[in-house]
Amino acid sequence: MKNIIKLFLILFVAFGVFGCSSGTYYNTNSPKIDANKDLKRVYIHSVSAPNIEQTYINHKGEKINLDQRIDAAFFRFLKQELRKRGMVLVSSQDSPYTWRADFKFTKFSVSHKNTIFDGKMSGKLALKNINYSKNFTINSQLTQESVNKSEVSNKIDLLAQALASRAADHINQLK
């Protein structure tokens with residue numbers, strides 16, 4: 001009887017009945033690292049400033065200056081959005097598997113007429129690592145009523161934040 005039990009145990013182990021195809025037993029209750037959920041490392045290489053020919057908005061004869069650094073606001077919001085999604089931001093591309101992100105503004109226009117704010121931003125996001133090179137065009141538009149002239153700079157920040165959120169979504173979807 002003991003020999004039969006030993007034979008069954010040997011067969012069970014040999015054919016992987018205990019959870020491993022190699023025939024070795026391992027504890028299924030121990031924590032495992034999910035290989036599919038590796039941390040994305042992102043290096044923001046450059047964010048180019050838009051060609052802003054428009055330095056002010058004319059609102060009822062008054063000039064509202066657009067002295068904001070839109071590229072700096074976009075960079076700040078992009079860092080926040082990437083951290084929210086659990087990505088690791090690095091200060092240099094020390095690994096070939098780190099994603100290098102470059103963003104270039106292609107369009108920036110803002111108007112404020114009769115308390116209606118209309119803003120449009122777009123840009124090109126280029127992502128690279130050793131295996132992949134991907135390019136995306138990202139757009140953001142905001143039209144809102146009842147905007148005072150003191151709220152215009154906040155709306156431009158909101159527009160940059162929406163653009164950064166879309167860029168972070170594209171980075172998050174990469175393998």
Subject >> salt bridge (Lys or Arg N to Asp or Glu O under 4.0 Å) between R41 and D94, intermediate numbers included >> reply: CA-CA 10 Å; R41 296 168 45 101; D94 55 352; 2.8 Å; yes
**OP:** Give, for atom NZ of K128 and atom CG of N135, the distance between the pair rounded to the nearest 0.5 Å.
**Re:** 8.0 Å
**OP:** May I ask you to decide if E81's main-chain N or O and R85's side chain share a donor-acceptor pair within less than 3.5 Å?
**Re:** yes
Subject >> Where D102 and S46 come nearest, the two heavy atoms and their spacing >> reply: OD1-OG, 2.9 Å
**OP:** Nearest 0.5 Å please: distance from the CD atom of E145 over to the CZ atom of F117.
**Re:** 13.5 Å
Original post:
If two hydrophobic side chains count as joined below 4.5 Å and joins carry through other members, does L174 share a cluster with I138?
Top reply: yes
**OP:** Determine, stepwise, if the pair I171 / V42 fulfils side chain to side chain contact (heavy atoms under 4.5 Å, CB included).
**Re:** CA-CA 9 Å; I171 295 170; V42 178; 3.9 Å; yes
Original post:
Side chains of R83 and M87: does their closest heavy-atom pair fall under 4.5 Å?
Top reply: no
Original post:
Which heavy atom in L127 sits nearest to a heavy atom in A101, and how many Å separate them?
Top reply: CD2-CB, 3.6 Å
Original post:
What distance do L82 atom CG and L89 atom CG have between them, rounded to the nearest 0.5 Å?
Top reply: 5.5 Å
Original post:
A73 and D157: which non-hydrogen atoms are nearest, and at how many Å?
Top reply: CB-OD1, 3.9 Å
**OP:** Answer whether the closest heavy-atom distance between the side chains of F103 and F75 falls below 4.5 Å.
**Re:** no
Original post:
Any chain of hydrophobic side-chain contacts (each under 4.5 Å) joining F77 to I156?
Top reply: no
Original post:
If you look at every heavy atom in Y97 and I130, which pair is closest and at what distance?
Top reply: CE2-CG2, 3.5 Å
**OP:** Could you check if a side-chain atom of D118 sits within less than 4.5 angstrom of a side-chain atom of Q144, using non-hydrogen atoms only?
**Re:** no
Original post:
Ignoring hydrogens and geometry, is there a side-chain-to-backbone donor-acceptor pair from K40 to N172 under 3.5 Å?
Top reply: yes
Subject >> Nearest-0.5 Å distance, CD of residue Q161 to CG of residue N154 >> reply: 11.0 Å
**OP:** Using a cut-off of 6.0 Å, state whether more than 12 heavy atoms not belonging to K155 lie near its atom NZ.
**Re:** yes
Original post:
Are N129 and T98 close enough that some pair of their side-chain heavy atoms sits under 4.5 Å apart?
Top reply: no
Subject >> Point-to-point distance, once rounded to the nearest 0.5 Å, from CH2 of W99 to CD1 of I44 >> reply: 14.5 Å
Subject >> CZ-CG distance between R166 and N139, expressed to the nearest 0.5 angstrom >> reply: 7.5 Å
Subject >> side chain to side chain contact (heavy atoms under 4.5 Å, CB included) evaluation trace for T143 with I116 >> reply: CA-CA 7 Å; T143 303; I116 296 175; 4.3 Å; yes
Original post:
Which heavy atom of L78 sits nearest a heavy atom of A168, and at what distance?
Top reply: CD1-N, 4.0 Å
Original post:
Does some side-chain heavy atom of F105 sit less than 4.5 Å from a side-chain heavy atom of M121?
Top reply: yes
Original post:
What pair of heavy atoms forms the shortest contact from G119 to L159, and how long is it?
Top reply: C-CD2, 3.6 Å
